[in-house]
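Worksheet: one structure, shown below.
Every number for a ligand or one of its atoms is a count from 1 in the order of the listing.
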Amino acid sequence: MDKRKAQLIVALDVGTLTEAKKLIKALSRDVEIFKVGSQLFTLCGPQIVRDLLKAGKKVFLDLKFHDIPNTVANAVEAAVGLKHRDKTIFMCTLHTQGGKEMLQRAVEAAAKASQAAGVKRPLLLGITVLTSDAKEDSIGNLVLERALLAKEAGLDGVVASSQEAAMIRQRLGDDFIIVTPGIRPAGAEAGDQKRVTTPAQAQANGSDFLVVGRPVVKAENPSRAATMILEELDR
Ligand code: C5P
């Protein structure tokens, strides 16, 4: 099985800027990449992204764009514009359900905007099937179909559950990025996630990045929760 080392991304799924800042501070030594999703972005707007960049952190902007091609291209351009000095967001998400043209326009917009701004182009990731969707027999095929579409359209990778990671890795090669949410260290509650896995399993299945929200964010000691995950990945 693949010996790649997965990196931890903490999802800042909190309800206030104060809480987000407290978490970023508490995790500053352990975590390099933070995910800003629709809740926090709707609350704080671009400020939270710039604050993270200023703090030297990488930002995963998870707004799951899905609209007509022109609107998505403009949204991606705006996302690249969320920069601090020569740094912009590290990665962002788009729904593969939006179709090939939408995805291709996003790729073009990201490349053009990054070149104009003098920043590294963010990684563009396709959402295949949300991990909260219950597992059905056909889900593997659907995930694979959407991952292939993402690759054809020029995306860098996909967000997919650990269960599908091995299959995607095998079919789409070593360079295709796999980001896996629904991570639950032993003993953590699944919550609304239907296809959960442990950090070590996800890493063994070929995921490059593991997105962890509640098991760290809601922990009594978030830094300790993050450290335990990192230790599990090192073992
Ligand atoms: O709290 P939990 O660890 O379940 O958080 C998972 C994070 O990953 C959430 O921010 C959720 O929006 C995100 N996510 C997901 N499934 C996807 C894509 C993103 O759960 N397919």
Worksheet item: Which is it for D192 and ligand 1 at heavy atoms under 4.0 Å: side chain, backbone, both or neither?
Response: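 For D192, no heavy atom sits under 4.0 Å from ligand 1.
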Worksheet item: Is the number of heavy atoms from other residues, nucleotides or ligands under 6.0 Å of D234 CG greater than 12?
Response: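 Yes - once you tally the heavy atoms of other residues, nucleotides and ligands closer than 6.0 Å, there are more than 12.
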Practice prompt. Give a yes or no on whether Q39 atom CD has more than 12 heavy-atom contacts from other residues, nucleotides or ligands under 6.0 Å away.
Written response: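 Counting neighbours around CD of Q39, more than 12 heavy atoms of other residues, nucleotides or ligands fall under 6.0 Å, so yes.
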Find all atoms of ligand 1 within a distance of less than 4.0 Å from any non-hydrogen atom belonging to [X], and give their numbers and elements.
X: D62; answer: 19 (C)
X: V211; answer: 7 (C), 8 (O)
X: R214; answer: 1 (O), 2 (P), 3 (O), 4 (O)
X: V159; answer: 17 (C), 18 (C), 21 (N)
X: R184; answer: 1 (O), 2 (P), 3 (O), 4 (O)

Worksheet entry | SB check E152 K100 (cutoff 4.0 Å) |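 Salt bridge present between E152 and K100.
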Worksheet item: Between K151 and D156, does at least one N-O distance fall below 4.0 Å, as a salt bridge requires?
Response: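 Between D156 and K151 there is no salt bridge, as every charged N stays at least 4.0 Å from the carboxylate O atoms.
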Practice prompt. Would you check whether K218 reaches within less than 4.0 Å of ligand 1, judged by its heavy atoms?
Written response: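 For ligand 1, residue contact (heavy atoms, under 4.0 Å) with K218 is absent.
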Worksheet item: Does ligand 1 have an atom under 4.0 Å from some heavy atom of P215?
Response: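 Under 4.0 Å: yes for P215.
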Worksheet item: For K58, which of I89, L52, I33 qualifies under side chain to side chain contact (heavy atoms under 4.5 Å, CB included)?
Response: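 Only one option passes, and that is I33.
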Practice prompt. Before signing off on this row, confirm whether G213 and ligand 1 have an N or O atom pair separated by under 3.5 Å.
Written response: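 It does: an N or O of G213 is found under 3.5 Å from an N or O of ligand 1.
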Worksheet item: Of all heavy-atom pairs between A73 and R105, which one has the smallest distance, and what is that distance?
Response: CB-O, 3.9 Å
Worksheet item: For residues 182-206, which residue pairs qualify under ring pair (Phe, Tyr, Trp, His ring centres under 6.0 Å), counting only residues two or more places apart or in two chains?
Response: none
